[in-house]
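Data first, discussion second: the structure below is written as structure tokens.
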Amino acid sequence: MLRPIRSIFSVATILTLAACAAAPQDPAMKEDPAATRPATNRPDVMGMHGAVSSDHPLATAAGYEVLRRGGNAVDAAVTMAAVLAVVRPHMNGVGGDAFALFYDGKTGGVTVLNGSGRAGALATPEFVRAAGHERMPSAGPLTVTVPGAVMMWEDALRRYGTITLAEALEPAIRYARDGFPVTTRLHLDIAEAGRHLNDAGKAIFLPGGEPPPVGSILRNPALAATLEAIAKGGAAAFYRGRIAERLAAFLEAEGGALRAADFAAHTSTWTEPIRTEYHGYEILALPPNSQGAAQLLQLRMAAELDLAALGHNSAEYLHTLVEIKKLAFADRDRWIADPAFVDVPVDRMLDPEYARARVRLVGDRAANGDSIPSGIEAVVARGAQPGGRAVASIAAAAPADARAGASDARDDGDTVYLTAVDRYGNAVSWIQSLFSSFGSGLVEPETGIVLHNRGAGFRLDEAHPGVIAPGKRPFHTLTPLIALRDGRLAFTVGTPGGDGQTQTLTQVLNNHILFGMTPQEAIEAPRYRSDDGRRLLLEQWFPGDVVADLRGRGHEIRTIPGWDATFGGAQMIRIDPASGARIAAADPRREAYAIAY
């Protein structure tokens with residue numbers, strides 16, 4: 001991915017990031033909220049040479065400086081990922097996983113790097129049950145798989161980067177050692193989730209038993225020392241040295257299944273994206289063990305309908321997308337697991353004939369998403385061939401138990417997304433996560449590392465593809481995307497949000513592709529999020545008649561005021577096909593910011 005950086009990374013340029021903030025409307029006001037809401041409260045950010053966006057302004061600023069110094073998109077992405085591991089400590093980190101898609105500006109090729117970790121050699125259903133659990137726990141030591149982010153940082157730079165890992169980690173080390181200001185969002189998040197932390201975590205994030213005040217400086221010197229060791233010794237310092245030994249000993253003492261040998265055996269995986277066509281675009285996503293296939297299945301079903309004719313965010317439009325999501329998730333929850341252990345029917349899920357049959361199951365009433373069977377399982381059980389007819393109605397379908405044995409982990413969507421496009425045409429769509437807020441709730445005191453709880457994605461049911469097993473990767477919700485048009489980069493897009501990711505991205509894609517919105521308009525437009533059963537969360541901006549119509553169809557609606565992180569934190573960089581300008585957008589629902597130049 002072209003050209004070396006011209007000098008070692010220096011102190012980040014101090015940037016003033018302006019936002020024309022519009023105050024949220026009072027949900028009790030009598031006016032139609034859709035009529036009083038501005039199209040955007042931030043501008044589309046445009047530049048000719050490069051663009052970056054991430055889930056925190058400090059990370060975005062660090063990535064911007066890398067590009068301005070001559071680095072490429074991968075250099076900027078790894079630098080931002082490391083800063084996010086410090087300044088969004090409850091959402092991602094050294095103790096978590098990551099995935100990314102890479103677009104090569106020279107060849108037009110797209111590759112995927114799977115940076116998710118695996119279960120330990122002791123990780124079996126029997127091991128978990130012996131600890132007193134009848135289903136996977138939602139947090140704690142048994143949910144910790146080998147963290148994959150650090151290896152992914154090194155592997156991405158080794159293949160595509162032009163700077164060293166030490167250079168990429170420099171700003172993150174500085175923020176961990178010297179500290180960074182606590183934002184209002186971080187203060188509130190720590191106040192809400194910090195009670196789940198162990199004592200070592202509370203000592204860092206709840207000093208004196210209280211979340212650090214807004215504007216105070218948060219430091220993690222133990223994490224700074226860990227990052228310095230990685231900068232000096234590379235990923236091997238994390239997976240084979242003192243750090244791995246300390247983490248393994250800590251987890252063993254806590255009752256976990258990881259040992260030092262599990263850390264030493266870890267590798268990332270280079271693979272190919274899965275893809276589907278959507279209204280003239282080729283949408284590329286992650287293959288299993290993540291839910292990219294569910295994202296593409298939603299788009300494949302949506303492509304069978306004239307959604308634009310229904311009208312943007314009309315009741316019929318929203319109802320249709322919600323029901324499509326339920327159908328896709330039924331297949332997701334039944335089948336998606338580690339393809340190194342099971343055959344995942346991705347080809348079947350993305351078969352246009354299957355999507356055509358599946359979308360015919362959408363009815364006029366809200367279905368119970370918890371009782372929809374996998375269409376693949378139902379069709380195969382009836383002896384039908386691919387493309388055959390499915391059951392007549394999801395509302396009348398036989399109950400399913402695809403969630404049996406799953407943990408009740410909090411679906412906080414505690415993840416960060418970042419993206420970069422450089423002057424050479426290279427692009428990265430990158431996502432990094434702890435899963436729940438503060439992950440497992442465990443912080444190892446000597447290293448300052450917050451350990452994730454991705455193992456909560458396993459099952460204890462031996463008949464399920466996602467059953468826990470030694471060396472197996474758990475199910476992930478992480479779903480970054482890259483879109484091509486006529487074989488060329490059109491845009492990158494992604495969002496945090498757990499189960500909400502595919503829903504947010506479907507809405508953003510439709511806003512942009514079907515309804516002609518700019519990237520920022522597409523991201524700020526009102527959103528829904530379908531939850532379990534018939535529960536449907538709506539932002540406050542939907543007109544009252546739309547909400548009433550949806551209730552009449554059986555949706556159990558809860559309206560959420562303001563800019564709420566429940567609905568994700570989408571970001572996008574679009575390439576103008578005529579001028580080549582980079583057009584970047586970032587979601588005000590979290591702390592995302594974009595810069596272009």
Side-chain angles (χ1 to χ4, degrees), residues 1-3 5-6 9 12-21 39-81 83-84 100-105 162-163 171 416-431 480-485 488-495 508 511-512 517-524 569-597:
M1 281 192 172
L2 299 182
R3 299 190 187 182
I5 192 167
R6 291 193 290 271
F9 193 99
T13 303
I14 299 175
L15 300 170
T16 301
L17 302 171
C20 302
T40 65
N41 75 17
R42 293 181 182 178
D44 289 277
V45 179
M46 304 186 192
M48 287 303 300
H49 303 294
V52 288
S53 184
S54 83
D55 266 313
H56 196 283
L58 293 177
T60 300
Y64 162 80
E65 189 159 320
V66 169
L67 291 187
R68 289 301 301 262
R69 289 177 171 271
N72 69 20
V74 177
D75 301 329
V78 175
T79 301
M80 291 191 289
V83 172
L84 288 169
L101 297 102
F102 303 87
Y103 175 84
D104 191 311
T162 68
I163 64 175
V416 296
Y417 175 75
L418 61 98
T419 181
V421 177
D422 62 30
R423 70 184 68 182
Y424 316 118
N426 305 310
V428 180
S429 187
W430 183 298
I431 200 160
L481 302 177
I482 280 180
L484 308 179
R485 189 156 202 178
R488 299 170 58 192
L489 178 66
F491 56 82
T492 62
V493 67
T495 183
V508 170
N511 292 343
H512 181 57
M517 297 183 193
T518 71
Q520 192 66 40
E521 289 172 339
I523 282 171
E524 291 195 29
Q571 299 160 61
M572 175 188 283
I573 301 176
R574 177 178 180 264
I575 310 302
D576 186 279
S579 70
R582 282 79 166 117
I583 305 170
D587 204 326
R589 294 170 178 87
R590 299 203 181 194
E591 292 189 306
Y593 269 90
I595 301 176
Y597 73 101

Mark yes or no for whether [X], through its side chain, and [Y], through its backbone, hold a donor-acceptor pair below 3.5 Å.
X: R582; Y: A420; result: no
X: S53; Y: Y593; result: yes
X: T60; Y: A594; result: no
X: D55; Y: E591; result: no
X: N511; Y: M517; result: no
X: R589; Y: I523; result: yes
X: R574; Y: V493; result: no

Any chance you could measure [X], atom [atom1], to [Y], atom [atom2], to the nearest 0.5 Å?
X: I573; Y: T492; atom1: CD1; atom2: OG1; value: 4.5 Å
X: H49; Y: R68; atom1: NE2; atom2: CZ; value: 8.0 Å
X: T79; Y: I163; atom1: OG1; atom2: CD1; value: 4.0 Å
X: L418; Y: H56; atom1: CG; atom2: NE2; value: 13.5 Å
X: D587; Y: Q520; atom1: CG; atom2: CD; value: 7.5 Å
X: Y597; Y: E65; atom1: OH; atom2: CD; value: 11.5 Å

Closest contact, heavy atoms only, [X] versus [Y]:
X: D576; Y: I583; answer: CB-CD1, 4.3 Å
X: A596; Y: V45; answer: N-CG1, 3.4 Å
X: P588; Y: E524; answer: CD-CG, 3.8 Å
X: A427; Y: L489; answer: CB-CD2, 3.5 Å
X: G105; Y: N426; answer: N-OD1, 2.8 Å
X: H512; Y: T518; answer: ND1-C, 4.3 Å

Candidate pair L484 and Y103, rule side-chain contact (heavy atoms from CB on, under 4.5 Å), full reasoning: CA-CA 10 Å; L484 308 179; Y103 175 84; 3.7 Å; yes
T495 side chain near Y417 side chain, heavy-atom distance below 4.5 Å: no
Side chains of V78 and W430 in contact at under 4.5 Å (non-hydrogen atoms): yes
Criterion side-chain contact (heavy atoms from CB on, under 4.5 Å) on F102 and I482, from CA distance to verdict: CA-CA 8 Å; F102 303 87; I482 280 180; over 6 Å; no
Pair S429, T419: side-chain N/O donor-acceptor within cut-off below 3.5 Å: no
Residues T162 and N72: side-chain donor-acceptor under 3.5 angstrom: no
